[in-house]
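The basis for the numbers below is simple: all heavy atoms, side chains too, and nothing from hydrogens, waters or symmetry mates. Counting from 1, the numbers follow the sequence of the chain as shown.
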Amino acid sequence: MRGTRKYKHVIETPDPGKWELAGYEETLPISEKSNPITRELDKADPIQLVQLLKDCDAEIFQEEDDNLVHYQRLYSESVLRTVADIANRVQEVLKNPEDGLIVLSGCGTSGRLAMLLANSFNRLLKGLHKTPCYSYIISGGDRSIVSSQEAPEDNAMMGEEELKKVCEGKRKVVYIGISCGLSAPFIAGQLDYCMRKLDTFLPVLVGFNPVNMARNDTIEGWQFTFRKVAERMQNLQDTQQAFILNPAVGPEGVSGSSRMKGGSATKILLETLFLFAHKAESNVAVTEGCLLEILRTYERAHKVTYSQSKKIAALMKQSATSLQKKGHLYIVGWGTLGVMGIMDAVECVPTFHAEWDDVRSFINGGYKTLENKEGDIGSTGPEFAISHEDFVKSVLPSLSETDTVLFIFTLDDDLSEVEKMVTQVKEKTSNVYAISHAIAGQYMPNSTKKMIPNIIGVTWPILFLEYEGAFIQKFQRELSTKWILNTVTTGAHVLKGKIFRNFMVDFKIGSSKLFQRAVTVLQRVTGHSQQRCTEALLQSIYGTQALCDQVKNAAISKHVEEAALKDKVLPTAIIILLRNCTLQESSARLQVSPTIRAAIESSLNIPGRKRGAESEESEGRSR
Ligand SMILES: C[C@](O)(c1cnc(-c2ccc(S(=O)(=O)c3ccc(N)nc3)s2)c(Cl)c1)C(F)(F)F
């Protein structure tokens, strides 16, 4: 039953699934629940995959439903009011940029988005001949932008040290810590530091769980849990000494994969907030209506993007074919659309345990276009080579028909450059695709159109919103590209058998959160106890059947360190539990199975197997 909707919406979001019901997976935080929409994601074909992930993305814009649990949503009064309150404080810094700073901070995708947002709004300021006053922090430093570094997110003290460095000499700092699950110790350490220096800092926490679902397990070497820090923030919110922006956007299409809805909602929320602050700064009368107008442009972006669903599905299918044949998906992008490409490619490593070059992305101008603080770090290693020149030099020579190349550009980019690269690529592979963005009235030249066989052409209505309007166009294109890439690479890995139901079943256990996720996935898939699941996981991590007390009692950080050296840790533990077999037998079975999912499916139906809640439902299921 749809609740009363306060605003007219651009897109029809699906009727609320069950996740809003109080009892649905009630012990799990929203960010970690399994979304009912994608319960059978692993059985969907490309067209169905696009539809399911589109419906999950649409939940970002869904309003509170009075008939379901009361979670505040993006359009809730409380959220809009908090956005406006924070925007007013940002405005104060914009008025005194000399000793002020707006710093965005995050781990993984949240850190990459922190960089993208800081650069976007510094560019907006420079366009107005004003002093740039945005900066960013990403856990693990700039290398994390182009190469996934999961472990630094667990270090609260490192978070504090990085924040001190960036804010040295600043008197007024708006600190925005982004942690989609309200879980990253790196962010908790920074929030705690801000709350000890409220004369200088205004701490803002951005995430997508209620505070009572913030992570509550102890942080190694630190005194508080994330939830304790979030509760302190909540107490300070009453006197506007801190703010928490945490609308529920619904569980991810792939459980826990916050790079998707969490990343998109972060971009939507913070771009809206900063645009609002800049309008107010330029003394434009800004009201709640203005906030709604900006949010509606993002809803329109969802509708415009997914109007290309058929072509998105075709690109997903082709990408899956390349990956299944041990080929590659190469993304060659221009401008900040190239940044979206780099973000998505990097995320495939921790999310799907992909090789660093399974999905690889390149950007015109390399690190100059990325605008990262540490400049050109291309010499750090092969995965840090991101320019078009790197693509031509190190990829093009060995490009083959097993590979797929996706070009991403706008009709304002240098199309002669695009045509030149397409020509070189077509000598090696016919699997050439493009995502192109145009404004109504702009048309792709025939010369370009004729040479690219598969084009996802996204056309945007002209926005009459004076100077900021150009930025909203850019933001819409970036989000649209993110949605398409997230859908394509997620779908490709589903089709590659990396997902069971809507759980990732083969990810790198690179942080304490991922260790917890692995244990919980084991419980849900096999129905065994937490203790038995932890034991099997440790057997798989340490490669030994018998676990000594030293291993059993070691800190999670030790398990994470050891797991980083191993392959297929989680799948091996799943088979050990489903078949009650040895480590060796489990590894052997995985070796001969065409996919991880197939190995799980065939192990679910063995006679006399212990049944658990989830696995009973999935018994006898086949794709
Ligand atoms: C969806 C699923 O039930 C599931 C996955 N991961 C998890 C978790 C992953 C990580 C954690 S956690 O690091 O302890 C955490 C993370 C965030 C948060 N707010 N609270 C706790 S729980 C859970 Cl609780 C359920 C499944 F099926 F994947 F196991």
What I want to check is whether the side chains of [X] and [Y] have a donor and an acceptor closer together than 3.5 Å.
X    : Y    : answer
S430 : E401 : yes
E419 : T448 : yes
N364 : H388 : no
S31  : E252 : no
Y175 : Q190 : yes
Q149 : S147 : yes
S309 : K54  : no
Y136 : D142 : yes
T490 : R259 : yes
E150 : S148 : yes

For a quick test of reading the model, state the closest non-hydrogen atom pair linking [X] to [Y] and the distance between them.
X    : Y    : result
L52  : A44  : CD1-CB, 4.0 Å
Q424 : L396 : CB-CD2, 3.7 Å
C180 : S258 : CB-CB, 3.7 Å
T489 : C348 : CB-SG, 3.8 Å
T266 : F208 : OG1-CE1, 3.4 Å
T336 : K474 : CG2-NZ, 3.6 Å

Does the ring centre of [Y] sit less than 6.0 Å away from the ring centre of [X]?
X    : Y    : answer
H353 : F507 : no
H437 : F409 : no
F274 : Y134 : yes
F121 : F475 : yes
H302 : Y298 : no

With a 4.5 Å heavy-atom cut-off, do [X] and [Y] have their side chains touching?
X    : Y    : value
T481 : T305 : no
I342 : I363 : yes
V569 : T572 : no
F503 : D42  : no
I456 : Y433 : no
Y367 : V146 : yes
M340 : I408 : no

Could you walk me through whether L125 and C133 satisfy the side-chain contact (heavy atoms from CB on, under 4.5 Å) test, starting with their C-alpha distance in whole Å, then the side-chain angles of each, then the deciding distance to 0.1 Å, before giving a yes or no?
CA-CA 8 Å; L125 287 168; C133 56; 3.9 Å; yes

Do you know which of H559, K566, K558, E562 makes side-chain hydrogen bond (donor to acceptor under 3.5 Å, both in side chains) with Y542?
H559

Hey, mind stepping through S512 and D154 against side chain to side chain donor-acceptor pair (under 3.5 Å) and telling me if it holds?
CA-CA 7 Å; S512 61; D154 279 338; 2.8 Å; yes

When you measure from the side chain of [X] to the backbone N and O of [Y], does any donor-acceptor pair fall under 3.5 Å?
X    : Y    : value
Q48  : D45  : yes
S387 : D390 : yes
D57  : K261 : no
K498 : F352 : yes
R360 : L329 : no
N119 : L370 : yes
S255 : N502 : yes

Go through it in stages, so that I can follow the logic: the residues are T402 and K326, the test is side chain to side chain donor-acceptor pair (under 3.5 Å), and I'd like the CA-CA distance, side-chain angles, deciding distance and then a yes or no.
CA-CA 8 Å; T402 56; K326 301 271 182 263; over 6 Å; no

Evaluate side chain to side chain donor-acceptor pair (under 3.5 Å) for D344 paired with N486, printing each intermediate quantity in order.
CA-CA 7 Å; D344 196 282; N486 284 174; 2.6 Å; yes

Run the numbers on D217 and Q516 for side chain to side chain donor-acceptor pair (under 3.5 Å), then give the verdict.
CA-CA 10 Å; D217 54 333; Q516 302 283 9; 3.0 Å; yes

